[in-house]
Amino acid sequence: MGLPVPPFATDLFGPEAIIMKGLNGLNWRISDYEARGGYQALRKILAEKIPPEQIVNEVKKSALRGRGGAGFPTGLKWSFMPRQFPGRKYLVCNSDEGEPGTFKDRDLLRYNPHIVIEGMIIAGYAMGTPVGYNYIHGEIWDIYERFEEALEEARAAGYLGKNILGSDFGFELYAHHGYGAYICGEETALLESLEGKKGLPRFKPPFPASYGLYGKPTTINNTETFAAVPWIILNGGEEFLNLGRPNNGGTKIFSVSGDVARPGNYEVRLGTPFEKLLEMAGGMKDGRKLKACIPGGSSMPVLPAHIMMETDMDYDSIAKAGSMLGSGAVIIMDETRCMVRCLLRLSYFYFEESCGQCTPCREGTGWLYRMVDRIERGRGKPEDFDVLNSVSDNIAGRTICALGDAAALPVKSFIKHFRGEFEYHMEHKNCLVPDYV
Amino acid sequence: MLEIEVNGKLLEVPDGATIMDATNQAGVYVPHFCYHKKLSIAANCRMCLVQVEKAPKPLPACATPVTNGMKVFTHSEQAVDAQKGVMEFLLINHPLDCPICDQGGECQLQDLAVGYGASGSRYEEPKRVVTDKNLGPLISTDMTRCIHCTRCVRFGQEIAGIMELGMIGRGEHAEIITFVGKTVDSELSGNVIDLCPVGALTSKPFRYTARTWELTRKASVSPHCGLGSNLTVQVKQNRVMRVLPRENEAINECWLSDKDRFSYEGLNSEQRLARPMLKRGGAWQEVEWQVALEHVANELKRIRDQHGGQAIGGLATPHQTLEELHLLQKFIRGLGSGNVDFRLRQSDFSTDGKLKGAPWLGMKIAEVGKLDRVLVVGSTLRKDHPLLAHRLRQATKRGTQLSVINPFDDDLLMRVAHKAIVAPAAMPDMLAQVLNAAARIKNAPLPEAVRSALERVTVSESAQRIAASLASGQNAAVFLGNLAQHHPHAGELHALAQELAAVTGARFGFLGEASNSVGGYIAGAVPFAGVPAGMNASLMLAQPRKAYLLLGVEAELDTHDPQQAVAALKSAELVVAMSPYQHRALEYAHVLLPVAPFTETAGTFINAEGTAQSFSGVVAPLGETRPAWKVLRVLGNLLGLAGFDHDSAEEVRREVLGAGADASGKLENRLSAIRLDALAPAQASGLQRIAEVPIYSTDAIVRRSRSLQQTRDAAPPVAWMNRALHERLGLREGDHVRVRQEGGEAVVPAAIDDRLPADCIRLAAARPETAALGAMFGTVGAERVAAQRRVAG
């Protein structure tokens with residue numbers, strides 16, 4: 001079946017969509033966005049001279065949580081910005097979407113770039129940051145170009161620059177094309193990269209809110225987070241919160257991939273049962289059975305089918321089930337998937353993408369990868385479980401950034417839930433699952 | 001102040017302190033690799049993870065700021081578990097080649113592995129191998145051993161001011177490399193050897209020559225630049241094997257320049273002179289000390305009787321010890337001569353007699369880093385004073401404005417606020433402009449003598465900016481560098497700098513050229529310091545004497561005008577060369593006496609800040625070599641001179657400095673009287689030579705360090721000139737140029753440096769290639785020597 005070709009049905013992203021609502025793949029331009037009610041939130045703020053604090057409060061009320069993976073409350077993050085700081089402050093949008101399984105920000109920027117621009121302008125207003133950057137993943141060129149085009153439109157329409165819409169508020173926004181390293185999605189590595197340096201995460205504290213881009217106070221949010229802001233301003237934080245569940249406000253775009261009939265992005269209210277999301281994605285491909293699911297991007301623990309089918313898609317429910325919502329990348333694995341090989345693929349990814357800066361991750365990811373590789377090749381032995389677990393423990397929580405945790409968590413969860421498959425590899429020197437064609 | 005509990009012990013630390021600061025203060029050791037007190041915090045090795053109460057995971061002590069009431073456990077189960085985990089990771093890819101590793105026995109990883117490593121490894125996968133890199137002649141690499149702590153990278157960026165090493169690649173592929181195809185050429189590069197916690201970067205000259213536990217460690221003082229860096233000299237079987245820094249926060253901190261570190265190779269040079277030699281009937285023969293000394297004594301007696309004492313002159317380098325310089329001047333004066341000097345590269349002695357003391361830095365070395373406005377006149381700062389340059393570099397990072405007046409525009413690897421690049425002859429005028437502008441800004445009256453001399457000076461824009469910068473400081477200083485001291489108008493520069501400092505409220509000092517540039521004055525090894533008065537170094541050679549005593553001097557390399565110096569020596573009836581080396585003196589000397597270098601004698605150097613640092617010999621003298629102070633004492637006895645009965649170097653030192661060994665009362669930069677001739681913009685007449693002394697040509701020992709002589713800083717001299725002159729001489733790429741000066745010439749490659757002033761040729765002195773030339777800043781002629789056509793076949 002191939003990818004949907006525009007124009008496509010306007011509920012392609014699901015009937016509950018508010019960010020991706022009304023998109024047909026072609027209507028991304030500023031006129032289309034304005035026709036959908038775009039830039040009304042910004043106009044309202046400037047016309048009514050809404051005080052910045054009120055905007056931050058509204059975002060707090062909405063229980064909007066960071067959509068990039070960590071799920072940190074956005075309103076709280078915005079309130080960390082030192083308002084009285086005399087020098088320059090920066091706003092950064094993290095569009096360096098690199099988490100395997102995640103492809104929502106890409107669609108967001110491709111089909112609705114102005115909603116991100118508007119969200120950033122409002123955030124700039126709320127935090128008093130006159131300059132923003134959108135750091136776009138290095139491997140998606142066309143989207144970088146489209147965003148530049150959208151920026152031109154916004155500038156021409158007077159939404160960017162000095163004295164926006166005749167007010168005394170000014171905001172400049174620039175697109176920055178990244179360099180394609182996974183680690184640059186880590187916010188402080190992103191800042192380093194944005195400064196023109198090698199993308200190495202910084203030690204925290206200090207956090208970006210006090211020492212960010214070029215050493216100045218900086219707020220970094222995910223693309224989808226910014227995209228949720230205009231709706232919150234127009235409809236109120238309370239309303240946004242009510243779309244989801246307490247502490248889990250609003251809708252979330254899930255990138256469903258793997259063995260489903262219709263992989264793609266689906267925007268649903270937080271708290272939607274997994275079963276329903278799976279249904280939206282056309283159910284399991286070729287009628288096979290669900291074996292496992294990684295509900296939040298490759299860095300999060302895998303969950304077996306029986307747990308997953310009883311879980312709702314929101315931060316707290318998934319955490320309760322033993323994984324994390326992360327970036328909302330739902331990776332579906334059916335009964336034909338070899339869990340050892342799946343883990344091998346993940347371990348290789350983290351081995352390759354470790355920045356190499358700090359010891360546990362630089363050395364540990366290679367160790368994990370090589371052990372899993374050995375097991376996959378039928379040369380594993382029972383003692384390897386202990387070593388895998390203890391090496392994972394020695395990485396997790398001991399590194400500069402979260403990549404170490406991201407490399408360790410899958411290993412532990414795969415062993416926890418699918419130990420039998422690993423043992424089968426060790427005993428029989430081949431795979432439990434017949435080769436998948 | 002913040003309160004913190006370290007392993008149950010309560011202490012107070014200043015705001016902003018890290019846990020590592022607190023544990024250091026508490027005397028608790030936290031294992032670490034990437035942390036270094038002088039470098040920025042990287043927190044990448046993770047070895048210093050400690051348990052912090054209420055923190056969900058262990059935190060790195062080096063990077064975690066202390067909060068009030070924090071409770072830290074450095075040896076709890078959680079902490080040790082984390083530390084052991086990191087140690088295991090560090091070891092999985094580290095080769096187990098300690099038995100053949102030069103770092104063995106002084107390796108942080110090896111040491112900590114004893115405490116935190118397991119006896120066996122759980123790692124059964126293949127190990128990583130990293131190709132070695134060529135970092136040049138000083139640093140050897142075994143990159144497979146690298147643990148990626150990035151100390152070497154941070155050292156380059158933060159201390160040396162140039163990022164010559166960097167980490168490329170990600171994850172396990174990360175490795176330390178130089179910039180594509182480049183070597184590490186910083187004059188401070190050797191410090192990365194000390195910083196490297198493993199055997200990845202080791203000393204190339206020292207490689208495979210000894211194990212650390214075979215070496216005895218002896219304290220010494222560097223005999224090179226004016227800093228007097230503190231050394232630990234490591235000795236095996238009476239041979240100096242290696243030199244390491246001895247930490248002294250007030251002088252060299254924990255660093256050493258490459259010159260201080262690697263010059264020891266010169267001590268073991270095959271050119272060392274092992275026995276006295278005498279020229280008889282035109283042929284050199286080795287003789288007993290007794291024979292040599294009696295010959296010298298008899299000849300000196302004969303010459304004194306025939307021509308008077310003033311026919312005898314004594315010349316020493318400023319790298320000799322205080323004791324040697326003192327006995328030399330005492331000996332010369334005992335012979336009825338006042339001709340004694342150690343300022344061999346100086347040409348203007350107009351301040352002699354107006355100096356009330358020894359010219360010095362004008363402050364403590366450590367204070368240099370605290371200045372907020374600095375003007376340096378005439379200096380190849382980085383090369384002449386690597387560690388002073390480092391202190392200034394750190395200061396400029398904190399906002400200090402550095403200005404320079406120089407005849408060249410070398411990259412100082414630090415922010416230079418203002419600069420005036422002018423020909424040597426125009427330097428006094430430029431300094432006068434700054435003085436004029438500063439006097440106007442400060443509305444300060446100038447002494448009559450100065451004001452009248454400055455009448456024809458017009459203030460340029462750059463002078464105005466330098467003056468404004470200097471005048472705006474709270475803690476400013478004006479420094480005269482080596483080039484300013486060698487300058488043909490050094491006296492004028494001195495007077496102008498003194499007045500500029502007075503007008504702007506700045507301090508004023510000299511960046512001491514050599515280890516004993518201050519000590520030479522205090523020892524009285526200058527012609528005006530005693531009775532009788534005599535000729536200075538320049539005059540002694542311009543008006544040849546009948547006899548010369550040379551102490552450490554290699555005339556063709558150590559003097560302001562080697563042409564004149566060698567001619568004068570060749571015409572003398574007696575030249576006694578006291579040196580550790582057999583050198584070109586064979587051509588002009590009559591007696592060679594092997595005297596000890598600094599490692600083989602006790603002695604004292606008084607550094608630029610006026611601190612007298614005494615040291616003992618660390619090895620026995622080579623062969624028949626004798627300490628120079630003993631040689632001079634015996635000569636004094638043989639000639640029946642009074643006051644030559646010292647039994648130790650210490651006794652000699654007491655004679656100079658008194659019991660306290662304190663020289664501070666004898667330091668003074670102010671001239672008692674100033675006389676300036678009218679200053680005016682220099683009239684161009686012919687081509688002017690700019691001659692600096694290259695970093696690895698300054699003295700006899702460093703000139704014989706094989707490794708240093710292979711560095712880029714020791715490359716053969718090149719005649720640098722700007723494009724206009726290059727074109728005027730009809731030069732093309734690859735051409736040589738014949739530089740002529742007073743009958744001598746040098747043929748060297750020509751090269752373009754467009755930052756040089758017009759009509760100047762920059763050509764190094766103190767090099768054999770240019771030893772036939774005359775005065776360092778004289779007028780020269782130049783003509784093209786076409787590149788040799790390649791012969792086919």
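Here is the naming used below: chain letters follow the sequence lines, and residue numbers restart at 1 for every chain.
Annotation: maximal heavy-atom pairing with chain B below 4.5 Å, among A/Met371, A/Arg202, A/Gln357, occurs at A/Gln357. For chain A, the option among B/Lys84, B/His148, B/Lys57, B/Glu88 with the highest count of heavy-atom pairs below 4.5 Å is B/His148. Ranked by heavy-atom pairs under 4.5 Å with chain A, the first of B/Asn44, B/Leu90, B/Leu59, B/Thr150 is B/Asn44. Ranked by non-hydrogen atom pairs under 4.5 Å with chain B, the options A/Cys358, A/Gly199, A/Cys361 are led by A/Cys358. Contact count against chain A (heavy-atom pairs under 4.5 Å) is highest for B/Gly169 among B/Gly169, B/Cys34, B/Ala174.
At most 12 heavy atoms of other shown residues, nucleotides or ligands fall within 6.0 angstrom of atom OH in A/Tyr348. For A/Tyr214, the OH atom sits in a packed shell: over 12 heavy atoms of surrounding residues, nucleotides or ligands are nearer than 6.0 Å. A 6.0 Å sphere centred on NZ of A/Lys204 holds more than 12 heavy atoms belonging to other residues, nucleotides or ligands. Around atom NZ of B/Lys182, no more than 12 heavy atoms belonging to other residues, nucleotides or ligands sit under 6.0 Å away. Counting heavy atoms of neighbouring residues, nucleotides and ligands inside a 6.0 Å radius, atom OH of A/Tyr211 does not exceed 12 of them. Annotation: B/Lys38, atom NZ; neighbour count of heavy atoms from other residues, nucleotides and ligands within 6.0 Å is above 12. Counted within 6.0 Å of CD on A/Glu383, heavy atoms from surrounding residues, nucleotides or ligands total more than 12; the atom is thus considered enclosed.
Summarising the geometry of A/Pro205 relative to B/Pro65, their closest heavy-atom pair is CG-CD, 3.9 Å, with the distance given to 0.1 Å. Nearest approach of A/Arg398 to B/Ala82, heavy atoms of both residues: NH1-CA, 3.4 Å. Closest of all the heavy-atom pairs between B/Phe89 and A/Glu363 is O-CG, 3.3 Å. The shortest non-hydrogen separation linking A/Thr399 to B/Arg46 is O-NH2, 3.2 Å. Pairing each heavy atom of A/Pro360 with each of B/Val86, the nearest pair is CG-CG2, 4.3 Å. Between A/Arg370 and B/Pro126, the closest heavy-atom pair is CD-CD, 4.0 Å.
With contacts defined as side-chain heavy-atom distances shorter than 4.5 Å, the pair A/Glu353/B/Arg170 qualifies. Annotation: side chain of A/Val387 is not in contact with side chain of B/Tyr123 (no heavy-atom distance under 4.5 Å).
Using a 4.5 Å cut-off between heavy atoms, A/Leu403 makes no contact with chain B at all. The part of A/Arg374 that comes within reach of chain B is its side chain, from C-beta onward, which places non-hydrogen atoms under 4.5 angstrom from that chain. Residue contact with chain A, scored on non-hydrogen atoms closer than 4.5 Å, is absent for B/Pro56. With a 4.5 Å cut-off on non-hydrogen atoms, A/Ala396 does not touch chain B at all. There is no contact between B/Met47 and chain A, counting heavy-atom distances below 4.5 Å.
The CD atom of B/Glu125 sits 10.0 Å away from the CG atom of A/Leu368 when rounded to the nearest 0.5 Å. A distance of 9.5 Å separates CD1 of B/Ile92 from CZ of A/Arg362, quoted to the nearest 0.5 Å. Annotation: the span from B/Arg122 atom CZ to A/Asp386 atom CG amounts to 8.5 Å, rounded to 0.5 Å. Here CG of B/Leu91 is found 10.5 Å from OG1 of A/Thr359. Values are rounded to the nearest 0.5 Å.
Between B/Glu124 and A/Lys381 there is a salt bridge, with a side-chain nitrogen of the basic residue lying less than 4.0 Å from a carboxylate oxygen of the acidic one.
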